[in-house]
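Here's the structure we're looking at; comments come further down.
Reminder, nothing fancy here: chain letters follow the sequence lines and each chain counts from 1. These numbers come from the heavy atoms of this one structure, side chains and all, not from hydrogens, waters or symmetry mates.
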Protein chains: 2
Amino acid sequence: MERSIRSCDVPEATIQRLPLYLEKLKLLQAIGVEDVSSRQLAESLDIKASQLRHDFHYFGGFSRPGRPYRVAVLVTALEQIIGVDHPVPTAIVGAGHLGQALANYAGLELQGFPLRGIFDANPKLQGLEIRGQAIRDLDELEPVCRREGIKIGVITVPASSAQDVATRLVSAGVTGLMNFAPTELKVPDHVSVRHERLTVGFMALSFKVKCGEARLAGEEPDAAV
Amino acid sequence: MERSIRSCDVPEATIQRLPLYLEKLKLLQAIGVEDVSSRQLAESLDIKASQLRHDFHYFGGFSRPGRPYRVAVLVTALEQIIGVDHPVPTAIVGAGHLGQALANYAGLELQGFPLRGIFDANPKLQGLEIRGQAIRDLDELEPVCRREGIKIGVITVPASSAQDVATRLVSAGVTGLMNFAPTELKVPDHVSVRHERLTVGFMALSFKVKCGEARLAGEEPDAAV
DNA sequence: AGTCATCTGTCAAACCGCAAACAGGATAGC
DNA sequence: GCTATCCTGTTTGCGGTTTGACAGATGACT
């Protein structure tokens, strides 16, 4: 008899999987699937069914023993758990190539993260419109964030100004930061930061590629040390 | 007495950290630092020193007991371990907003992933140049990949064509795929795939933000179920 | 009705990764 | 030379995550 949503104290690993579940379930819902078993859902995501049930177990029962899950029920519940049952106003700071690409990415709004502000210090970019949002000067950062109730700030500025931007966003009431700059950020405890590192992904991939080559070639890679 | 590079069978968690070490070490090298202790390096990355030494231990000794690490030694060793001691030719398939943003990202080339091909099915984009690379038609995918020896393919096409692109890249000899499309990819065993999910990151962040709000407000979020 | 197959919720064991502790080497200062 | 300090390489214990197993419930089929 848990509370309806005992959200916190859920393992990090489970949190990471919740979005995957929601994504796949929305897809199933879109093509008209009404019921889905833990086995079916897990296999389509390449994980074990027991793990999926274990994850769901943190939030109480989504079904009854003997009955498969109802897709609609899961979608609604997961949206609420994740917090995208209501729109989460989001702002992007730094309108370079990456910032513009993210701003243009329609998926974000569809998944519940409407873009309510784009900022850049470069005057040449200011005024340019992306998906109905004009790029604003950095001076407007705090007032706009407060007015729009921005909850998540996306940092796509150079590493040198990332900490400054982060501090200003936090001071304007933003409690979630998505950091694309290659720098650690110091923020208060109540703020969550997620560091998205492109080059880390590429290098991890490179490692595995090299590893695969070595394994294929008789595990004698270069020998030139 | 390990082999010089017992690269494979390294835990996934360690692999993920190797790029962070390299990134920070390059930074130190750039500002003229020659020696660094495990404690210093670890603290700047917000991890424990014992973990850093533990990670390095998989690859044999980078120093001797009593002596701190030499930055230059570590950089060279890590570059070789990760596989970026030689350039890793990379191609981008899908020149939409995200594809173009990645193509424009100078960091990739700097980190050892020179862009040797951009492809898109849309004729209107073909011929457009990005950082010296003209966007090519998809028909040229296989020949260019073979000619340039592409090792890593970046998939930034819609989900509907991601699997097709992946199959074609693999058939052209690519053994590492960076997938930005929201779809699982089926590939042979010798190919490594890394799934970069933007919305997953946003949702994980949303969860924590909501969690923080609830905790702050007396853990009674909405109650409207 | 009865049997069988399927499914969820739940628990316990195996597994893995992290962090602290330890042993031994190197250097600086006295 | 000796001591104190700092450092790495290595091992050990602990906590979290994953995996497999089981009990109870449901519906389909005979």
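Nucleic acid contact class of Ser50(A) (heavy atoms, under 4.0 Å, all strands): base. Residue Gln51(B) is classed as a sugar-phosphate contact, given heavy-atom separations below 4.0 Å to backbone atoms only.
Between Ser37(B) and Arg17(A), it is Ser37(B) whose nearest contact on DNA chain D lies nearer the 5' terminus. Of the two residues contacting DNA chain D, namely Tyr69(B) and Arg67(A), the nearest-nucleotide position lying further toward the 5' end is that of Tyr69(B).
Side-chain atoms of Arg53(A) and base atoms of dG9(C) include a donor and an acceptor less than 3.5 Å apart.
Contact annotation: His57(B) side-chain N/O to dG9(D) OP1/OP2 distance is not under 4.0 Å.
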Self-check item: Derivation of the side-chain contact (heavy atoms from CB on, under 4.5 Å) call for Leu115(B) and Val154(B)
Solution: CA-CA 10 Å; Leu115(B) 184 61; Val154(B) 184; over 6 Å; no
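In this structure, CZ of Arg64(A) is placed 7 Å from P of dG27(D), rounded to the nearest angstrom. When rounded to the nearest whole Å, the span between NZ of Lys48(B) and C1' of dT12(D) equals 18 Å. Atom NE2 in His54(B) sits about 11 Å away from atom P in dA19(C), given to the nearest Å.
In summary, of the residues considered (Val73(A), Val84(A), Leu18(A), Asp85(A)), a side-chain contact (heavy atoms from CB on, under 4.5 Å) with Leu78(A) occurs for Leu18(A) alone. For the side-chain contact (heavy atoms from CB on, under 4.5 Å) test with Phe180(B), the passing option among Leu102(B), Ile155(B), Val157(B) is Leu102(B); the others fail.
Using modelled atom types, one side-chain atom of Ser63(B) and one backbone atom of Pro68(B) make a donor-acceptor pair closer than 3.5 Å.
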